[in-house]
Amino acid sequence: MDSTVEILQESAEESAEKVQTQMNEFVVFIQEHIPNMVDFGIRLLIAILIFFLGRFLIKWLRKRIRNSLNRSSADAGLTQFTDSFLKISLYIVLFLIIAANLGIEINSISMLFASAGVGISLSLQQTLSNFAGGVLILLLKPFVVGDYIIEDTNKDEGTVKEIQTFYTKLTTVDNKTIVIPNGILANNSLTNVTAKAERQLDLRIGISYDSDLKKAKQLLEQMLKDIPSIMKDENLYVFVDSLGESSVVLGIRGWVKTDEYWTTRWDLLEKIKLTFDEEGIVIPYNQLTVHLDDGA
């Protein structure tokens, strides 16, 4: 029994000595590194102050430049691109200043990018392509802010809202936002629907072979003359476009202002349906006719 107690006492004393030794080592470590910790804390506090001050100055400078560009009646796309490029550049400079204040050498950052190798180079290649695409868009002006465009490769379409450093933002008719890299828009074909002030209204209407063709053409010509938004100083056409399997296809062409295109199209289609119904002009639709042979 006594030997067991002695063993327990010795074990407790050894544990206490180990704990005491570890505590002493921890205290010594803290005492040795307190100056470094205080120095890092001061650097971190200064870095936070630099960040907030730098962010305030960046916002102030961007606002001044935006106002200056707006006063000079610069293109909205140029203003947005310049503002986006300025924002990215100034925040990179701010990051480097903060890193230098924290004791991080710029050479170390360069080595970090270099060690990333191929991945970084490919990423930068795509980024530079998008940047170059943005510059080309501003110089060549295939579209400007406010235009309705269709990107022909992926069929993305919408109204141009922002032309930024690397991306262009479109807003769709149902108020969704599409973000397209500038490199894609600069290197692929696109359709600018609103580039011109006028747009041709081009419709095809089928009537049955039993309907009065001349009467149908006269009705369509009169409708074109009666709709105010269709330009009367431009040529108006009503013609037989083709002879289909189940209908005579009539073509209608006229010119309208681009911003009135859809409302005019909808109005004309409605008038055609109602007028043809009143005048007995049949617009055929696909039907299946089954003939039964009584002698079978």
Side-chain angles (χ1 to χ4, degrees), residues 51 54-100 106 109-173 175-197 199 258-259:
F51 171 76
R55 188 174 67 169
F56 172 79
L57 291 175
I58 289 173
K59 289 182 177 179
W60 176 82
L61 183 59
R62 289 172 58 202
K63 183 178 180 181
R64 292 293 299 273
I65 292 178
R66 282 198 305 268
N67 292 338
S68 177
L69 291 173
N70 290 332
R71 285 195 299 269
S72 64
S73 300
D75 179 72
L78 176 61
T79 301
Q80 293 170 354
F81 184 89
T82 303
D83 179 64
S84 178
F85 177 73
L86 191 65
K87 178 181 177 181
I88 294 172
S89 302
L90 291 178
Y91 269 106
I92 290 175
V93 173
L94 180 60
F95 168 75
L96 293 177
I97 293 174
I98 293 174
I106 305 301
I109 299 176
S110 302
M111 292 178 62
L112 177 64
F113 279 98
S115 63
V118 177
I120 293 294
S121 63
L122 291 176
S123 176
L124 289 177
Q125 181 180 3
Q126 187 63 44
T127 300
L128 291 175
S129 174
N130 291 333
F131 176 77
V135 174
L136 287 176
I137 289 171
L138 292 176
L139 292 177
L140 302 179
K141 294 186 182 298
F143 58 84
V144 296
V145 173
D147 281 348
Y148 190 96
I149 66 171
I150 302 173
E151 193 274 301
D152 295 337
T153 302
N154 300 308
K155 300 303 178 182
D156 292 321
E157 61 180 278
T159 302
V160 180
K161 290 299 180 183
E162 295 182 24
I163 303 175
Q164 298 189 352
T165 307
F166 304 110
Y167 298 93
T168 292
K169 292 184 178 181
L170 310 182
T171 299
T172 63
V173 292
N175 206 31
K176 295 177 182 177
T177 298
I178 301 176
V179 180
I180 305 178
N182 288 333
I184 292 178
L185 293 175
N187 296 321
N188 296 321
S189 63
L190 60 87
T191 302
N192 190 334
V193 178
T194 55
K196 302 295 184 181
R199 184 176 177 184
T258 301
D259 55 358

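As a basis for the values below, the full set of heavy atoms in this structure was taken, side chains included, without hydrogen atoms, waters or symmetry mates. When a residue number appears, it is its place in the shown sequence, counting from 1.
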- Query: K161 and V145: which non-hydrogen atoms are nearest, and at how many Å?
  - Reply: O-CG1, 3.7 Å
- Interatomic distance, CG@L138 vs CZ@F81, rounded to 0.5 Å, equals 5.5 Å
- Query: Any side-chain heavy atom of V160 within less than 4.5 Å of one from L170?
  - Reply: yes
- Has F85 got more than 12 heavy atoms of other residues, nucleotides or ligands less than 6.0 Å from its CZ? no
- Taking atom CZ of F143 and atom CD1 of I137, what is their separation to the nearest 0.5 Å? 4.0 Å
- Taking all atoms of both residues into account, what is the closest heavy-atom pair of T172 and E157, and its distance? CG2-O, 3.6 Å
- Atom CD1 in I180, atom CG in N130: separation rounded to 0.5 Å? 11.5 Å
- Message: Counting C-beta onward and ignoring hydrogens, is there a side-chain heavy-atom pair between F166 and I88 closer than 4.5 Å?
- Response: yes
- Query: Is Y91 close to L94 at the side-chain level, that is, under 4.5 Å between some pair of heavy atoms?
  - Reply: yes
- Query: Roughly how far, to the nearest 0.5 Å, is the CG atom of L90 from the NZ atom of K59?
  - Reply: 13.5 Å
Sequence neighbours excluded and cut-off under 3.5 Å, please list the side-chain donor-acceptor pairs for residues 182-195, or say none.
| residue | atom | partner | partner atom | Å |
| --- | --- | --- | --- | --- |
| N182 | OD1 | T168 | N | 3.4 |
| N182 | OD1 | T168 | OG1 | 2.7 |
| N182 | ND2 | Q164 | O | 3.0 |
| N182 | ND2 | T165 | O | 3.2 |
| N187 | ND2 | G183 | O | 2.9 |
| N188 | ND2 | I184 | O | 3.3 |
| S189 | OG | D152 | OD2 | 3.2 |
| T191 | OG1 | D152 | OD1 | 3.1 |
| N192 | OD1 | T194 | N | 3.2 |
| N192 | OD1 | A195 | N | 3.1 |
| N192 | ND2 | P142 | O | 2.9 |
| N192 | ND2 | D147 | OD2 | 3.0 |
| T194 | OG1 | D147 | OD1 | 3.4 |
| T194 | OG1 | Y148 | N | 2.8 |

- Search all heavy atoms of R66 against all heavy atoms of D83 and return the closest pair with its distance. NH1-OD1, 2.9 Å
